[in-house]
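Chain naming here is simple, since letters A, B, ... match the order of the sequence lines and numbering starts at 1 in each. This one's a predicted model, so the numbers in the text were calculated from it and none came from an experiment.
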There are 2 protein chains.
Amino acid sequence: MSTTARRPRSDGLRNRAALLVAADAVFAADGTGASLSAVAARAGVAIGTLYKHFPTRRNVVGALLADRHDALFATRPDGLADWVRTVASHAATYRGLAEFLASDLAAGGGPDAAGDRLAADCARMAERTDRLVAEARAAGSLAEDVPVEDVVTLMNAAAWVREQEGSVRADRLITAGLAGMRPGAREWNSGDGRTPTRREPRR
Amino acid sequence: MSTTARRPRSDGLRNRAALLVAADAVFAADGTGASLSAVAARAGVAIGTLYKHFPTRRNVVGALLADRHDALFATRPDGLADWVRTVASHAATYRGLAEFLASDLAAGGGPDAAGDRLAADCARMAERTDRLVAEARAAGSLAEDVPVEDVVTLMNAAAWVREQEGSVRADRLITAGLAGMRPGAREWNSGDGRTPTRREPRR
DNA sequence: ACCTGAACACCGTTCAAGT
DNA sequence: ACCTGAACACCGTTCAAGT
C-alpha cells in the first residue's frame, strides 16, 4: 500500500529521453516494427537499458505517441469529418502504426489498462469519436443507423491507406465513406452496383 | 535463343507441391510474413530447396495464389460492387496479404513483369476493374468524376479491414464507400461534416 | 536504482558439397 | 538437375554481474 514516490535517477531520465529520440528516428525510417537493437544503438545505450525502460515494443510506441496525443486532444475538431481526417493522419505517423492502433483500439485499451498511457489515449479517442458522431447525427450529416464502429473502421482504413498510398487517396476514401454514411445515401441499391432502384424510398 | 524445354525432375515437382501445401498452412496460421524455415520444415525439405524453387517470398505468395486467381477470373462478377467485395475477400486470405497485393498492384505488376505470375494476375485484376468501373459509370451507379484509383483504394482498404476487424466491418465499408461514389453523393459539403449545403447543386 | 553485455533461441539468405 | 545443411549476419529477450 505504500506508494512511496521514488524520484528517478538523472541518468535514467537522460537515457529514457535519448531512447525516445532514437526510436522516433528509427521508426520514421523503418516503421513500427523496426529493430529495437538499432534504437538502443542509436541512443548509445545497451539493449538491456531499452528493455528496462520499455518492457514491450508497445510501451515504446505509447511513450512516443504521448506528446502527439496531447496535441491531438488539445485541438477542437471542426465536425466529424475534420476529426476523422485528423486521426487518420495521426495514425499514419509511422508505417505499421495503423495496424498497431487498430488492434489496440479494438482491444478496448490494450492488455494492462491501468497506468497504460496508450490504452488511456485510445479510450479518450473513442470517447471523442462517440461525441462527434452524436453531433453529426443531430446535425443530420450522419445517418441514424450508422454505428460508431463504421466510422472507426473508416478512420483506421484511411490511416492504413495513408501509409500505403499517401494522403490524397486516404482523403478521398474518407470523403466517399462519409458521403455514403449520410442520411439516405444507402437507400437505393448498394447490392450489386448496377440497377439504381428497387428499395422503397424513405418516408 | 535455344528455348530448350527441359522437363523437370519428379522429386522437384513433388517438393514444390509439398512446399506450397506447407506454405498455405503456415501462412494461414501466421500470415504472409511467417517463417520460411517453418514452411520448409513442414514440407520436409531443407531450407535451400525452398529457395531453389522460390527465390523470394513474393514467389511463394504468387504461386500460392495462382489457383485462387484462376477461380477469381473464372467467375463473372455481377456488377462493380460484387467485384469489389470478391476481390476484397480474396485479398484477405492470409494476414498481411492486403499490404502485399496493394504494393504489388501499385508497382504496376511487381519487379520482373515477364514470366511473373503474380504480376500478370495483378494486371488482369486491374483490367477487369477498369471494365467494371466503366460499366458502372454507364449504368449511372458511379459518378463520372470518380477515378478508378478511388475504387482500387476502397478494395485494398476493405481487404485490410477484413484481416483486422472481420468481414462485417469490411462489407459495411464497401457499402458506404460505393454509396459515396454514386453520382451526386459528394455534392453538398464533405468538408467539415457539419452544414449540409454550400456547393451549387448539379444541373 | 540503473546499466552493461553475454547468452540463448530464432530467422533470412547464400553457397559449397553432395547425389 | 536437384537437394542438403553448414555458415553468416541479424534480431528479440532475458539475466547475472557490475556500479
Side-chain angles (χ1 to χ4, degrees), chain A residues 2-23 25-27 29-64 94-96 99-100 103 111-112 115, chain B residues 2-23 25-27 29-64 94-96 99-100 103 111-112 115:
Chain A
S2 68
T3 324
T4 339
R6 322 194 191 280
R7 37 210 233 53
R9 238 166 56 177
S10 66
D11 56 345
L13 287 179
R14 244 202 347 268
N15 283 342
R16 205 192 117 97
L19 279 166
L20 288 179
V21 170
V26 172
F27 283 5
D30 297 343
T32 321
S35 157
L36 293 181
S37 312
V39 171
R42 190 176 232 268
V45 303
I47 184 65
T49 303
L50 185 150
Y51 277 92
K52 187 84 206 296
H53 285 282
F54 310 104
T56 78
R57 176 175 239 111
R58 210 176 144 270
N59 288 320
V60 183
V61 176
L64 220 38
Y94 308 111
R95 212 162 2 106
E99 191 165 334
F100 221 100
S103 66
D112 55 312
Chain B
S2 70
T3 324
T4 338
R6 322 195 190 280
R7 39 210 233 52
R9 238 167 56 178
S10 67
D11 57 344
L13 286 179
R14 245 203 345 268
N15 283 340
R16 206 193 116 97
L19 278 165
L20 288 180
V21 171
V26 173
F27 284 5
D30 297 344
T32 321
S35 157
L36 293 182
S37 311
V39 171
R42 190 176 231 269
V45 302
I47 184 66
T49 303
L50 185 150
Y51 278 93
K52 187 85 207 294
H53 285 282
F54 310 104
T56 77
R57 174 173 241 112
R58 209 178 143 271
N59 288 320
V60 182
V61 177
L64 219 39
Y94 308 112
R95 212 163 1 108
E99 190 165 335
F100 221 99
S103 66
D112 55 311

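With D:dT4, D:dG12, D:dC2 as the candidates, the nucleotide lying closest to the side chain of B:Ala46 is D:dT4.
The side chain of B:Ser37 contributes an N or O atom lying less than 4.0 Å from OP1 or OP2 of C:dG12. Applying the 4.0 Å criterion to OP1 and OP2 of D:dC3, one finds that B:His53 has a side-chain N or O inside that range. When the side-chain nitrogen and oxygen atoms of A:Ser35 are compared with OP1 and OP2 of D:dG12, one or more of them lie within a distance under 4.0 Å.
Taking 4.5 Å as the limit, every side-chain heavy atom of B:Val39 sits out of range of all side-chain heavy atoms of B:Val60. With a 4.5 Å cut-off on side-chain heavy atoms, A:Val61 and A:Tyr94 do not count as touching.
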Find every protein N or O atom lying less than 3.5 Å from an N or O atom of nucleotides 14-19 of chain C, and list the pairs.
none

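Taking a pair as Watson-Crick or G-U wobble with both distances under 3.5 Å, the runs of three or more consecutive pairs in DNA chain D are C:4-8 with D:12-16, C:12-16 with D:4-8.
Here the closest heavy-atom approach between residue B:Ala18 and residue B:Ala43 is recorded as O-CB, 3.7 Å. Between B:Thr32 and B:Phe100 the shortest heavy-atom distance is CG2-CD1, 3.4 Å. For the residue pair A:Ala63 and A:Arg16, the shortest heavy atom distance occurs at CB-NH2, 4.1 Å. Contact between A:Phe27 and A:Leu64 at its shortest, heavy atoms only, is CD2-CD2, 3.6 Å. For the residue pair B:Ala29 and B:Arg95, the shortest heavy atom distance occurs at O-NH2, 3.1 Å.
To the nearest angstrom, P of C:dG12 lies 15 Å from CG of B:Asn59. Per the geometry, CG belonging to B:Leu36 stands 7 Å off C1' belonging to C:dG12, to the nearest Å. In this structure, B:Arg58 atom CZ and C:dT13 atom P are separated by 14 Å, rounded to whole Å. Between the P atom of D:dA1 and the CZ atom of B:Arg14 lies a distance of 18 Å, rounded to the nearest Å. A straight line from CZ of A:Phe54 to P of D:dG12 spans 15 Å, rounded to a whole angstrom. As a whole-Å value, the separation of B:Arg42 CZ from C:dC11 C1' is 18 Å. C:dC2 atom C1' lies 9 Å from atom CG of A:Asn15, rounded to whole Å. Taking atom NZ of A:Lys52 as the reference point, atom P of D:dT13 lies 17 Å away to the nearest angstrom.
Atom CG of B:Leu20 and atom CG of B:Asn15 lie 11.0 Å apart (nearest 0.5 Å).
No engagement by A:Ala40 is indicated, since no non-hydrogen atom pair under 4.0 Å with the nucleic acid exists. A:Ala41 comes within 4.0 angstrom of no nucleic acid atom, judged by non-hydrogen atoms across all strands.
Side-chain atoms of A:Arg14 do not come within 3.5 Å of backbone N or O of A:Arg9 as any donor-acceptor pair.
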